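Report on the following structure.
Only this structure's heavy atoms are used, side chains among them; waters, hydrogens and symmetry mates stay out. Order of listing sets the numbers, starting from 1, for every ligand and every atom in it. Note that the structure is predicted; figures quoted are calculated from it, not measured.
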Amino acid sequence: MQHASKLPHVGTTIFTIMSALAKAHNAINLSQGFPDFGGDPKLSDLVCKAMNSGYNQYAPMYGNLELRIAIAKKMELLYQTEYHPENEITVTAGATQAIFTIINTFVRLDDEVIIFEPAYDSYEPAVKLNGGKPITVQLEAPDFEVNWNAVREKLSSRTKMIIINTPHNPSGTVFSKDDMLNLQKLTKNTNIIVLSDEVYEHMIYDGEKHQSACLFADLKSRSFVVSSFCKTFHNTGWRIGYCCAPKELMDLFMQVHQFNVFCVHHPTQKGIADYMQEPKHYLELALFYQKKRDLFLSLIQDSRFRFKPSKGTYFQVLDYSQITEEYDVDYARRLTIRSGIASIPLSVFNTNHMDKKILRFCFAKKDDTLKRAAEILNTI
Ligand code: GLN
């Protein structure tokens, strides 16, 4: 039997490749973004408690109501905005499912979707699977700022969606208020859906404020705001996230979501709902990760890698152009195999594979891991 691939140009995701390579060579794994420390035992206890007290059957399709109420409260507290828990918030199997289902709900054959590159690697395959056309706009290193004139030029009558990601993976930059106002202006009076991937919303540094799409009324009216408990509570394997959108958009999303997963793991939802009653559990994250960023950067400040401190996410990009001319994919492999440290090459996030000699390192690691990693980087 022979079957044609629906994604003929897609290989295995770089996160799997680099983590496997790190494991095979016993390298320090700063590639795939996940913590090497556990989450709060209080949260695991609450999930166990939920499991032991009967939260083991289907949750409502939108998600456990207490969790939706907790999310609504959080959106109110952080962004002074209202999403109705009944029909404007849906709990998903990680942010990835939310993203996939949003694209699946709206993108049809030949619809155009604007994507800023370097882009998280799940966006484009999801667009293509639905017959859509990714239209890319390049964010230029080292600041990875958006050229809004370039975006305007790429808008057309076929533009169905714009996908943004702030704080931005992989670059560690953030959208400013002006960026969001530009986006709002460009999409005003259009039918364009904005998919705003905000999974690193709580990891934003140096006193900056996260510019969520929901802070801007007109933008909010066309946006899905996507976030993730996996990143926030240090349990990436739990696969639990959510999205918020105005009812008329969420109604359409639900038509697909109900047949996609129906609902996600119920006891985890109840446990997180209880845990979120204390907002400090997510509000303290910025300081926690800022310390890790600062530790990592202070340790490698005399290395031959060049950097601008990450403004958000738990990733730091390092420029190695002073060290070698090697293609970033090859260099990342060599660093893993020969030097014992794994990272992610940035070119894989560009459809044209443009290589600017930049690697992404995850600093969601124990201080000791960061110290050992820095020791290696300092010898290079
Ligand atoms: N979001 C994670 C990262 O950017 C990876 C997620 C995954 O492996 N699918 O590293």
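- Taking the six-membered ring for Trp and thresholds of 30 and 60 degrees, His266 and Tyr55 have ring planes more than 60 degrees apart, a perpendicular arrangement.
- In this structure, the ring of Phe349 has its center no less than 6.0 angstrom from the ring center of Phe144.
- One side chain, Ser321 or Asp319, offers a donor N or O that lies under 3.5 Å from an acceptor on the other.
- Nearest to atom 4 (O) of ligand 1 among the protein's heavy atoms is Asn169 ND2, 2.8 Å.
- Per-residue contacts place Arg360 under 4.0 angstrom from the following atoms of ligand 1 (heavy atoms of the residue considered): 3 (C), 4 (O), 10 (O).
- Heavy-atom contacts of Lys231 reach the following atoms of ligand 1: 1 (N) (cutoff under 4.0 Å).
- Of the protein's non-hydrogen atoms, Tyr120 OH, 3.6 Å is the one closest to atom 9 (N) of ligand 1.
- Residue contacts with ligand 1: Gln32 is placed with a nitrogen or oxygen under 3.5 Å of a nitrogen or oxygen of the ligand (distance criterion only).
- Neither the backbone nor the side chain of Phe34 comes within 4.0 Å of ligand 1, counting heavy atoms alone.
- For ligand 1, the atoms lying closer than 4.0 Å to a non-hydrogen atom of Tyr200 are 1 (N).
- Residue Phe315 has no nitrogen or oxygen atom sitting less than 3.5 Å from a nitrogen or oxygen atom of ligand 1, judged on distance alone.
- Looking at Lys365, its side chain does come within 3.5 Å of a backbone N or O of Phe34 through a donor-acceptor pair.
- Donor-acceptor pairing under 3.5 Å is lacking for the side chains of Ser212 and Glu201.
- With 3.5 Å as the limit, one finds no donor-acceptor pair spanning the side chains of Thr101 and Asn104.
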